[in-house]
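Bear in mind the structure is a predicted one, so any value in this text is a computation, not a measurement.
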Amino acid sequence: MDRKNEKSEAKGKGGNKPPQSDKPEGFLQVERIPNFNLLPKSVKRRVYALKRLQLQSANIEAKFYEEVHELERKYAGLYQPMFDKRREIVTGAVEPTDEECEWQSDKEEEELAADLQKKAALEEKQADSASAVEPKGIPEFWLSIFKHVDMLGEMLQEHDEPILKHLQDITVKFSEPGQPMSFTLEFHFEPNSFFSNSVLTKVYKMKSEPDAADPFSFEGPEIVDCEGCKIDWQKGKDVTVKIVKKKQKHKGRGTVRMVTKEIPQDSFFNFFSPVKATPDGMDEDLDFTLAADFETGHFFRERVIPRAVLYFTGEALEDDDSFEEEEDLDEEGEEEDEGDFNTTA
């Protein structure tokens with residue numbers, strides 16, 4: 001199983017669950033196969049035996065992913081010193097040494113004509129001299145990533161940008177051993193005039209076990225719920241709402257007064273107030289919103305946090321585009337193969 005593909009696609013659960021049966025639903029589905037009932041009874045019995053083996057396999061696979069989660073938690077501790085150093089460089093807390101800044105340029109860059117190299121050096125010198133203040137760290141590092149990545153850019157509003165300029169780091173923490181499987185995204189902010197929180201969190205709760213109603217649909221861990229956090233906005237700074245002024249007329253006296261009302265508005269910071277699944281189920285729009293939220297959480301965890309500098313430079317975007325193109329080609333190839341098969345049949 002390709003864990004990279006499995007983990008990059010988050011699955012949400014909403015709606016009502018089917019009624020429970022003495023047998024898992026997967027055992028009943030086999031009877032929907034055309035002509036299954038025409039098979040000899042002895043063959044049907046053997047098919048059910050195979051399905052019981054398949055169910056045992058799904059349960060073992062679930063345990064495998066539980067151990068993978070523990071392994072991820074272990075290696076997160078090994079990655080952390082590098083992520084801490086990244087944060088220090090981005091925020092300007094430390095200046096990397098000359099040795100740490102050495103990097104082998106791409107071949108294309110090395111083969112630039114000498115005159116172009118001189119021109120680039122001159123422009124860089126002019127830009128440095130034009131800047132009165134030496135920039136600290138890497139300004140707007142995380143905001144630039146948001147702007148570069150389509151998935152995040154769609155969530156970003158103009159009124160969010162001044163706030164995200166204060167974003168210093170995004171980290172992920174995994175649940176402790178013996179605790180229910182989950183991961184927490186932490187958004188670290190420097191002191192700012194918008195809210196008093198230093199860290200905004202989003203917890204994604206997961207499970208790694210076959211669904212009792214449909215055990216054969218199990219494809220690995222899935223997010224089943226998420227919890228945001230309360231943002232302590234400074235007065236008048238809440239970008240998730242818009243203040244609207246309306247005229248209100250008194251029915252009896254006929255006098256008119258102005259009233260203000262807060263209405264929701266689009267903002268990235270709605271990410272920390274997710275919609276919730278309910279036992280009664282959700283409509284299609286809410287179900288889609290929840291699934292998109294889960295996908296975003298996975299994307300932060302699996303792509304953005306471990307490869308932040310490559311999203312800042314745009315190199316990771318090229319890799320993502322290539323991966324998507326390969327998927328499209330595979331799908332087209334499958335369709336063409338099916339067409340050829342039908343033609344020759």
Side-chain angles (χ1 to χ4, degrees), residues 1-18 20 24-26 54-80 83 151-152 155 170-188 199-230 270-282 286-308:
M1 179 178 290
D2 189 340
R3 286 192 63 250
K4 182 177 180 181
N5 291 349
E6 172 267 314
K7 294 202 298 177
S8 66
E9 296 180 1
K11 296 181 289 183
K13 286 201 168 184
N16 296 318
K17 290 192 174 184
Q20 298 294 319
E25 187 178 337
Q54 186 64 42
L55 181 59
Q56 293 174 24
S57 176
N59 288 324
I60 292 174
E61 186 179 9
K63 294 297 181 183
F64 163 77
Y65 281 112
E66 287 180 3
E67 293 195 23
V68 168
H69 184 74
E70 290 301 312
L71 198 60
E72 286 181 317
R73 190 182 62 80
K74 171 187 173 182
Y75 273 84
L78 301 179
Y79 288 126
Q80 196 56 50
F83 292 157
M151 179 186 293
L152 304 182
M155 304 166 65
I170 307 176
T171 60
V172 61
K173 285 188 176 179
F174 296 93
S175 52
E176 295 296 326
Q179 297 296 316
M181 186 183 293
S182 69
F183 66 91
T184 302
L185 299 178
E186 297 184 343
F187 294 72
H188 299 258
V199 182
L200 300 182
T201 61
K202 183 80 169 282
V203 181
Y204 285 90
K205 301 175 182 179
M206 307 175 70
K207 77 167 189 176
S208 180
E209 60 185 35
D211 192 319
D214 187 11
F216 302 128
S217 66
F218 180 74
E219 295 179 353
E222 60 183 346
I223 297 173
V224 293
D225 194 13
C226 57
E227 294 284 350
C229 68
K230 182 180 181 296
N270 290 322
F271 179 71
F272 299 98
S273 300
V275 297
K276 303 292 291 182
T278 63
D280 298 332
M282 300 183 295
L286 286 177
D287 201 26
F288 176 81
T289 300
L290 189 60
D293 188 337
F294 292 172
E295 184 178 359
T296 303
H298 260 300
F299 189 75
F300 272 118
R301 167 191 164 182
E302 298 295 329
R303 304 286 186 89
V304 175
I305 292 174
R307 309 180 72 204

Contacts of P274 that satisfy side-chain contact (heavy atoms from CB on, under 4.5 Å) - sequence neighbours left out: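 In terms of side-chain contact (heavy atoms from CB on, under 4.5 Å), with neighbours along the sequence ignored, P274 is linked to K202, C226, D293.
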
Over 60° means perpendicular and under 30° means parallel, so tell me whether [X] and [Y] are parallel, tilted or perpendicular.
{"X": "F183", "Y": "H298", "result": "tilted"}
{"X": "F83", "Y": "Y79", "result": "parallel"}
{"X": "Y204", "Y": "F271", "result": "tilted"}

Give the intermediate values and the outcome of ring pair (Phe, Tyr, Trp, His ring centres under 6.0 Å) for residues F300 and F187. CA-CA 11 Å; F300 272 118; F187 294 72; 5.3 Å; yes

Kindly indicate whether the side chain of [X], heavy atoms from C-beta on, has any atom under 4.5 Å from the side chain of [Y].
{"X": "R301", "Y": "E72", "result": "yes"}
{"X": "E176", "Y": "R73", "result": "yes"}
{"X": "E222", "Y": "K207", "result": "yes"}

Distance-minimising heavy-atom pair for [X] and [Y]:
{"X": "S208", "Y": "E66", "value": "O-OE2, 3.7 Å"}
{"X": "Y65", "Y": "E219", "value": "OH-O, 4.3 Å"}
{"X": "T201", "Y": "T184", "value": "CB-CG2, 4.1 Å"}
{"X": "P210", "Y": "A62", "value": "CD-CB, 3.9 Å"}

Name all residues meeting the ring pair (Phe, Tyr, Trp, His ring centres under 6.0 Å) criterion together with F174; count only those two or more places apart in sequence or in a different chain, and write none if there are none. H69

Euclidean distance, K63 NZ relative to E209 CD, rounded to 0.5 Å: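 So the gap between those two atoms works out to 8.0 Å.
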
Roughly how far, to the nearest 0.5 Å, is CZ of F218 from CG of L55? 11.5 Å

Evaluate the criterion side chain to side chain contact (heavy atoms under 4.5 Å, CB included) for residue pair F294 and V224; output intermediate values, then yes/no. CA-CA 9 Å; F294 292 172; V224 293; 6.0 Å; no

